Amino acid sequence: MLFEIRQKLQKVAAMAIIGLLVLAFASWGITDYVSGLSQTNVAKVDGTNITLQAFSRAQQIQEQRYRNTLGENYQPGLLDDPVLKMALVQQLIDDHLQISDAQESGYRVSNEELSKRITALEVFQGSDGFDRNLYKNLLRQQGLSISQFEQDLAESIIAGQVRSAITNGPIITDQELEQLLKLQGEQRDLKFLLLNRENYLSQAQATDEQIEAYYREHLDRFQKPEQVRIEWLELVLDDYAEQVEIEDSTLRKLYENQQEEYRKPERRRASHLLVTVDEQQDEAAALAKITSLKAEIDAGKPFAEVARNHSEDPGSSKNGGDLGLFGRDVMDPAFEKVAFSLATGEVSEPVRSAFGYHLILVTEVETEQVVPFAEVKDEISLRYRREQAQADFFSATEELQNIVYEVPDSLQEAADHFNLKIQESQLFARFGGPGITGISAIIEQAFSDEVLHEGLNSSVVTLNDSRAVALRVIEHQPQASRPLAEVADSIRDIVLEQQASELVQAEGKKLLVSLNHGEELPELADASATWQTREGITRRQPGLPPQLLADVFRQPVSEGQPDYHGLSLENGDYVVYAVTKLHEEVVTATDDDRNRLREELQRLRGDISYIGYLKGLRDNADIKLYPENLE
């Protein structure tokens, strides 16, 4: 499905990985779909399981985003709504289908691109730029291996490539643009009366019986999820590595033997100008055009100016054709061969690639370099000491497993044997919590029958071959309904607001009938409600609710006595209005206005195309849902 789209791409830009760090530090990624430890599944897609652990990890990410956004207004259990849970499952299904289809269609991320993304992330920056030790330590602290993190990131980039390929494709014609400009330029005169729900609250009453009835009818909204609190012991490989001594001469020898690992390959920055070869422009026409453009550049016209005005690569033309820095195995092979043969400031002859003809200008060359020994000495030392400590660490891990098995009702003996401190967590649910309680293997052990219900120590959990954890549950809170007394005040507010909305709607509809029968405006409970007028309003008129504007411009306009319409607003207010005049269309858009509108339309159509693409994947997939496992 993606192959034809991919063939037409001039340049695929990987999307910004929104929430990437949240994703990484929550220890969740696409790979959890297949490799999650839990045997409980929430869905199956073409034979591949989407596990409860993968769902829980994604839910934890969602919860953290809501916490960050809502702050003190966040309510625990907000995401426990069955509808929201199933929506998240559907998102995981879409992610899996998209990644699978992209990989089958040949999408890939080069090691160069992956390295570029990682080394640019702010969280991994030290005083002198990217800090390799900081990178490894942050991942290790969250139980992530480098390979797992990089695989998750690569799949995220691929997902972005797919979306870019689809959403950047739609073309908006000038005729379509003019039609929309006319609609946007349309103006109307409006007469309206707003009934404020707040002014009807005094008439509303919430009895204890109504509050209790609402509570019982919506009991699922007032649930506390099952939670546990654990204590744990942890063996850490680096603690054993610190005991290993190494001479500088040995480190120097290791560095010399591993110099290829610390070699930074050559990178080049180039600008290009593309003339495509496609159904609208054949080979001969494209070659003639780019030859003519090359002549303009040779005559002294700036490359960036020619590229900006004539390049058919929409991704780079606005930047004068600049492609940024890139290494080998990133660009089209024919393009790359020429780009890496040019001198700085030299413009190539026309180059034929899979996309058409290019002119290439090399603007910068980063020569191949070897990272100095001083910069990687600590890294080499840590790696060596870890390798030397592996045997002692794994021996200690086996010994820890034996102790927690032989003394299954306490961690104290193991703590005394290894001189370790027993640590305790906060309460957390099956979707995890902060720190170690957000790691899928830890969550699974904590909620296993042996640990949760039989009160036994867990088996030792090995994380990334560098941490070994044994745990036990010290507190268990089953799922339970919040007491009515605890939520009565919030329910009272809900009941009062519902009643006020019903009262304002009833009066608004009664008023609407009277006006359309030619009767006078009756006395209203909302004494502040008076007729207001607005002349020449537009579809984006400031100061009026968007919901009202959308309805106003949806109505036909009568030449005689205006018709009155009623509308319940999202905030519970009710508005009665009439469109009294339709102004002739006046199009006064500037070129900038037209360009902005064209971009908005392209984004909208691109989003629609993307939704259609996902629907096509779903229609051809074998999908099974297990909603009972979300309860």
Side-chain angles (χ1 to χ4, degrees), residues 22-43 49-67 76-80 84-85 88-89 92 139-145 148-149 152 223-235 401 404 411 422-479 626 628-631:
V22 176
L23 177 70
F25 298 136
S27 184
W28 172 78
I30 299 294
T31 50
D32 264 334
Y33 295 151
V34 181
S35 63
L37 295 174
S38 174
Q39 296 303 306
T40 303
N41 303 316
V42 296
N49 292 325
I50 296 180
T51 68
L52 180 60
Q53 288 303 130
F55 170 83
S56 297
R57 194 64 44 243
Q59 191 179 47
Q60 182 186 356
I61 295 167
Q62 267 197 343
E63 182 183 37
Q64 188 60 49
R65 288 174 180 165
Y66 274 98
R67 285 183 187 277
L78 180 66
L79 301 179
D80 290 336
L84 294 180
K85 286 183 176 181
L88 183 55
V89 172
L92 295 178
L139 296 184
R140 181 179 58 80
Q141 288 169 13
Q142 298 301 321
L144 278 169
S145 67
Q148 177 187 343
F149 173 80
D152 293 345
Q223 298 294 307
K224 290 181 179 178
E226 180 184 23
Q227 294 181 298
V228 296
R229 192 161 63 89
I230 64 170
E231 61 180 15
W232 78 93
L233 295 175
E234 183 173 0
L235 297 174
Q401 177 63 70
V404 297
L411 296 177
I422 297 178
Q423 304 179 68
E424 294 185 5
S425 76
Q426 300 174 351
L427 284 165
F428 63 94
R430 290 180 183 268
F431 50 78
I436 196 170
T437 61
I439 298 174
S440 58
I442 299 297
I443 297 170
E444 180 168 354
Q445 285 290 337
F447 284 93
S448 66
D449 287 340
E450 293 82 0
V451 177
L452 182 60
H453 299 299
E454 298 179 24
L456 303 178
N457 295 334
S458 74
S459 298
V460 172
V461 179
T462 302
L463 305 174
N464 193 26
D465 291 334
S466 63
R467 300 164 68 190
V469 177
L471 64 91
R472 61 181 295 101
V473 170
I474 55 177
E475 183 180 351
H476 176 216
Q477 292 186 3
Q479 178 177 321
Y626 308 109
E628 65 276 8
N629 292 336
L630 296 173
E631 298 176 356

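These numbers come from a predicted model, not from an experiment.
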Do any side-chain atoms of residues 452-460 form donor-acceptor pairs under 3.5 angstrom with protein atoms, and if so which ones, sequence neighbours left out?
{"unit_1": "Asn457", "atom_1": "OD1", "unit_2": "Arg472", "atom_2": "NH1", "d": "2.6"}
{"unit_1": "Asn457", "atom_1": "ND2", "unit_2": "Val404", "atom_2": "O", "d": "3.1"}
{"unit_1": "Asn457", "atom_1": "ND2", "unit_2": "Val407", "atom_2": "O", "d": "2.7"}
{"unit_1": "Asn457", "atom_1": "ND2", "unit_2": "Pro408", "atom_2": "O", "d": "3.4"}
{"unit_1": "Asn457", "atom_1": "ND2", "unit_2": "Ser410", "atom_2": "O", "d": "3.0"}
{"unit_1": "Ser458", "atom_1": "OG", "unit_2": "Leu471", "atom_2": "N", "d": "3.0"}
{"unit_1": "Ser458", "atom_1": "OG", "unit_2": "Leu471", "atom_2": "O", "d": "3.3"}

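Considering every non-hydrogen atom in both Ile443 and Phe431, the closest pair reads CD1-C, 4.3 Å. Closest approach of Leu92 to Ala58, counting heavy atoms only: CD2-CB, 4.0 Å. Summarising the geometry of Ile436 relative to Glu234, their closest heavy-atom pair is CD1-OE1, 4.3 Å, with the distance given to 0.1 Å. Across all their heavy atoms, Ser425 and Thr437 have their closest contact at CB-CG2, 3.7 Å. The two residues Val461 and Ala441 make their nearest non-hydrogen contact at CG1-CB, 3.6 Å. Smallest separation of non-hydrogen atoms from Phe428 and Ala446: CZ-CB, 3.9 Å.
With values rounded to the nearest 0.5 angstrom, Ile422 atom CD1 is found 12.0 Å from Ile230 atom CD1. If you take CD on Glu231 and CD on Gln423, they are separated by 10.5 Å, rounding to the nearest 0.5 Å.
Distance alone, capped at 3.5 Å, places no donor-acceptor pair between the Asn629 side chain and the Val42 backbone.
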Stepwise, does the side-chain contact (heavy atoms from CB on, under 4.5 Å) test hold for Tyr626 with Leu52? CA-CA 10 Å; Tyr626 308 109; Leu52 180 60; over 6 Å; no
Determine, step by step, whether Arg467 and Ile439 satisfy the side-chain contact (heavy atoms from CB on, under 4.5 Å) criterion, reporting the C-alpha distance in whole Å, the side-chain angles of both residues, the deciding distance to 0.1 Å, and the verdict. CA-CA 12 Å; Arg467 300 164 68 190; Ile439 298 174; 4.1 Å; yes
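For the side-chain hydrogen bond (donor to acceptor under 3.5 Å, both in side chains) with Glu475, the qualifying choice from Gln426, Arg229, Gln227 is Arg229, the only one to do so.
Residues His476 and Glu226 have side chains in contact (heavy-atom distance under 4.5 Å, counting atoms from C-beta outward). Taking 4.5 Å as the limit, some side-chain heavy atom of Leu88 sits within range of a side-chain heavy atom of Phe55.
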